[in-house]
K.L.:
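I am attaching a structure below and will ask some questions about it afterwards.
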Amino acid sequence: MDSVEKGAATSVSNPRGRPSRGRPPKLQRNSRGGQGRGVEKPPHLAALILARGGSKGIPLKNIKHLAGVPLIGWVLRAALDSGVFQSVWVSTDHDEIENVAKQFGAQVHRRSSETSKDSSTSLDAIIEFLSYHNEVDIVGNIQATSPCLHPTDLQKVAEMIREEGYDSVFSVVRRHQFRWSEIQKGVNEVTEPLNLNPAKRPRRQDWDGELYENGSFYFAKRHLIEMGYLQGGKMAYYEMRAEHSVDIDVDIDWPIAEQRVLRFGYFGKEKLKEIKLLVCNIDGCLTNGHIYVSGDQKEIISYDVKDAIGISLLKKSGIEVRLISERACSKQTLSSLKLDCKMEVGVSDKLAVVDEWRKEMGLCWKEVAYLGNEVSDEECLKRAGLSGVPADACSAAQKAVGYICKCSGGRGAIREFAEHIFLLMEKVNNSCQK
């Protein structure tokens with residue numbers, strides 16, 4: 001199936017939940033993509049992600065971690081890497097969401113209380129945003145709950161708006177589902193087929209299916225929005241691949257969504273490489289950071305057997321595992337864990353040590369994974385091809401990584417990170433086979 005199909009220009013389709021305001025007139029295209037402006041410079045296309053703090057289903061859902069990344073981070077990464085937007089914005093009323101948005105490189109519009117109510121519509125929030133940003137000609141409203149969005153989708157839609165003269169473009173997905181009328185007592189006592197003949201039920205491969213909005217994005221020109229529409233004028237749809245069409249609001253539960261994202265999500269501009277080396281901080285990753293001292297002054301630490309199994313599985317799969325610590329912890333104590341890993345302790349410059357290990361093994365940084373939890377791990381986390389931290393890592397370390405574990409240090413974080421590595425390596429191997 002083609003990744004994109006375009007609908008012909010049509011009359012307005014009123015989005016669900018938005019009051020009808022009549023049919024908007026078709027808009028004439030000009031050099032800025034607006035109506036009657038005539039200014040000779042490219043139209044300003046802004047990505048806008050709406051992210052209220054209130055959520056009736058999942059508290060602060062927009063920044064809840066999905067596959068180790070805040071939910072909103074997946075679409076921000078795709079929007080920024082697409083290279084088609086003059087600006088990328090998050091409209092929010094919440095400080096924590098603002099911080100995450102800025103961490104990913106987006107600008108923030110602080111939404112008013114009037115457009116942050118449960119009864120407020122997306123259109124209300126977009127119109128408010130435009131009232132503060134006269135420079136914006138086209139808005140690409142991207143849903144935070146669509147974590148499998150890819151930059152290529154956004155690039156193609158931008159081309160449809162800028163070069164092919166469409167006033168609005170929205171995302172759809174093709175589904176092969178037979179629909180039946182609803183039974184209502186006293187009105188309809190029997191159901192009727194709506195899109196099939198039961199006597200001649202088509203096979204899936206013999207039927208093109210139907211197009212449904214999937215809510216991933218709505219692009220529209222400014223004048224259309226100011227008239228109260230996200231869909232209108234010369235209008236087209238963009239058909240997304242089914243595996244990229246994930247809407248956490250309505251589609252699937254969180255654990256299933258994580259599996260879909262790990263398999264079909266967008267992980268950045270640079271292609272993933274096969275991991276050959278995992279470096280793990282000892283205190284706070286392998287252990288929980290607690291140190292116990294016996295009566296004879298011997299150091300005692302605790303670790304989770306799940307993490308030892310994770311290390312063993314990594315080694316069996318051909319991934320070297322090495323341990324590092326800035327503290328001069330007892331090598332004798334660590335050796336008693338029988339992890340059979342090379343280690344360096346009392347390290348003042350972790351980056352230098354890991355860089356030496358990398359060169360010794362003939363690896364590039366993209367082939368190195370790093371699990372850390374402290375400020376001293378920050379540079380290693382930024383350099384590594386795959387980086388992670390336990391759930392209780394310091395904020396500086398969390399800001400530097402691509403994956404934040406659900407488990408805390410010494411409580412299964414290594415095993416969880418190992419599973420993450422295996423899933424991504426499966427993705428790498430599958431892409432190599434294509």
Side-chain angles (χ1 to χ4, degrees), residues 44-55 57-117 120-133 135-136 138-151 153-154 158 215-219 246-249 254 257 261 265-269 378 381-382 387 389 393-404:
H44 184 119
L45 173 56
L48 180 63
I49 294 95
L50 306 178
R52 274 194 321 130
S55 174
I58 306 171
L60 286 178
K61 174 186 62 185
N62 291 312
I63 55 173
K64 178 179 167 68
H65 283 89
L66 179 76
V69 176
L71 177 60
I72 198 172
W74 291 100
V75 294
L76 284 174
R77 181 189 288 163
L80 290 162
D81 285 359
S82 71
V84 299
F85 299 104
Q86 277 87 343
S87 59
V88 176
W89 294 83
V90 171
S91 171
T92 187
D93 60 339
H94 199 279
D95 291 343
E96 288 186 52
I97 296 175
E98 176 176 353
N99 291 337
V100 171
K102 288 179 177 177
Q103 179 185 327
F104 275 84
Q107 299 180 71
V108 173
H109 169 77
R110 287 298 295 213
R111 188 189 302 200
S112 70
S113 58
E114 280 301 306
T115 60
S116 301
K117 299 175 182 176
S120 301
T121 66
S122 296
L123 190 57
D124 293 334
I126 296 169
I127 289 174
E128 179 193 71
F129 168 80
L130 285 176
S131 72
Y132 285 89
H133 295 282
E135 76 279 7
V136 174
I138 310 165
V139 173
N141 174 217
I142 302 170
Q143 303 299 315
T145 54
S146 300
C148 285
L149 183 66
H150 282 240
D153 297 319
L154 301 173
S216 285
F217 54 76
Y218 299 86
F219 280 57
V246 177
D247 185 352
I248 292 181
D249 263 344
W254 207 268
V261 167
Y266 171 71
F267 288 85
K269 287 181 179 180
E378 190 174 353
L381 291 167
K382 289 178 179 177
S387 58
V389 294
C394 73
S395 59
Q398 289 195 15
K399 288 178 181 177
V401 300
Y403 186 86
I404 300 177

K.L.:
How many angstroms lie between CZ in Phe267 and NE2 in His150, if you round to the nearest 0.5 Å?
P.N.:
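Answer rounded to 0.5 Å: 8.5 Å.
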
K.L.:
Can you sort out the partners of Ser216 under side-chain contact (heavy atoms from CB on, under 4.5 Å), two or more places apart, ordered by chain and number?
P.N.:
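For Ser216 the side-chain contact (heavy atoms from CB on, under 4.5 Å) partners, ignoring immediate neighbours, are Ser146, Ser171, Asn214, Met240.
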
K.L.:
Quick one about Trp89 and Ser91 (side-chain donor to acceptor, distance below 3.5 Å, no hydrogens or angles considered), yes or no?
P.N.:
no

K.L.:
Hey, mind stepping through Asp124 and Glu114 against side-chain contact (heavy atoms from CB on, under 4.5 Å) and telling me if it holds?
P.N.:
CA-CA 9 Å; Asp124 293 334; Glu114 280 301 306; over 6 Å; no

K.L.:
Could you check Val246 against Val261 for side-chain contact (heavy atoms from CB on, under 4.5 Å), going step by step and ending with a plain yes or no?
P.N.:
CA-CA 9 Å; Val246 177; Val261 167; 5.7 Å; no

K.L.:
What are the two closest non-hydrogen atoms of Ala144 and Leu50, and how far apart are they?
P.N.:
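Minimum heavy-atom separation between Ala144 and Leu50: CB-O, 4.4 Å.
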
K.L.:
Which atoms form the tightest heavy-atom contact between Ser387 and Gly402, and what is the distance?
P.N.:
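Taking every non-hydrogen atom into account, OG-N, 3.2 Å.
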
K.L.:
Using 0.5 Å steps for rounding, measure from the CZ atom of Phe104 to the CG atom of Leu80.
P.N.:
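Output value for this atom pair is 9.5 Å.
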
K.L.:
I'd like to check the salt bridge (Lys or Arg N to Asp or Glu O under 4.0 Å) partners of Glu128; sequence neighbours left out, ordered by chain and number.
P.N.:
none

K.L.:
Tell me if a side-chain donor or acceptor on Thr92 pairs with a main-chain N or O of Gly53 at a distance below 3.5 Å.
P.N.:
no

K.L.:
Rounded to the nearest 0.5 Å, how far apart are NE2 of His109 and NE2 of His133?
P.N.:
6.0 Å

K.L.:
Rounded to the nearest 0.5 Å, what separation is found between the CD1 atom of Ile248 and the CH2 atom of Trp254?
P.N.:
4.5 Å

K.L.:
Closest heavy-atom contact between Ile97 and Arg52?
P.N.:
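Minimum heavy-atom separation between Ile97 and Arg52: CD1-O, 3.5 Å.
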
K.L.:
Does any part of the side chain of Arg110, heavy atoms only, come nearer than 4.5 Å to the side chain of Asp95, both counted from C-beta?
P.N.:
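Result yes, sub-4.5 Å side-chain heavy-atom pair found.
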
K.L.:
Closest heavy-atom contact between Leu45 and Gly140?
P.N.:
CD1-N, 4.1 Å

K.L.:
Which pairs with one or both residues in residues 62-82 pass side chain to side chain donor-acceptor pair (under 3.5 Å), sequence neighbours excluded?
P.N.:
Asp81-Tyr266

K.L.:
So which heavy atom on Ala125 is nearest to which on Thr115, and how close?
P.N.:
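That would be CA-CB, 4.2 Å.
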
K.L.:
Check whether Asn99 reaches the backbone of Glu96 with its side chain - one donor and one acceptor, N or O, closer than 3.5 Å.
P.N.:
no

K.L.:
Specify the closest pair of heavy atoms between Ala51 and Arg111, including all atoms of both residues, with the distance to one decimal.
P.N.:
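Nearest pair, atom of Ala51 first, then Arg111: N-NH2, 3.4 Å.
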
K.L.:
To the nearest 0.5 Å, how far apart are CG in Leu76 and CG in Leu71?
P.N.:
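Here the rounded value is 10.0 Å.
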
K.L.:
Apply side-chain contact (heavy atoms from CB on, under 4.5 Å) to Gln398 and list each qualifying residue two or more places apart in sequence or on a separate chain.
P.N.:
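Gln398: side-chain contact (heavy atoms from CB on, under 4.5 Å) contacts with Val389, Ala393, Ile404.
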
K.L.:
With sequence neighbours left out, write down each residue that passes ring-ring contact (aromatic ring centres under 6.0 Å, His included) with Tyr403, or none if nothing qualifies.
P.N.:
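With neighbours one apart ignored, the set is His420.
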
K.L.:
Taking only residues two or more places apart in sequence, or in another chain, which ones meet His94 in a ring-ring contact (aromatic ring centres under 6.0 Å, His included)?
P.N.:
none

K.L.:
One pair to check against side-chain contact (heavy atoms from CB on, under 4.5 Å): Gln143 and Asn141. What are the steps and the verdict?
P.N.:
CA-CA 7 Å; Gln143 303 299 315; Asn141 174 217; 3.2 Å; yes

K.L.:
Is there a side-chain contact (heavy atoms from CB on, under 4.5 Å) between Val136 and Leu48 once you walk through the steps?
P.N.:
CA-CA 11 Å; Val136 174; Leu48 180 63; over 6 Å; no

K.L.:
To the nearest 0.5 Å, what is the distance between SG on Cys394 and CD on Glu378?
P.N.:
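Here the rounded value is 7.5 Å.
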
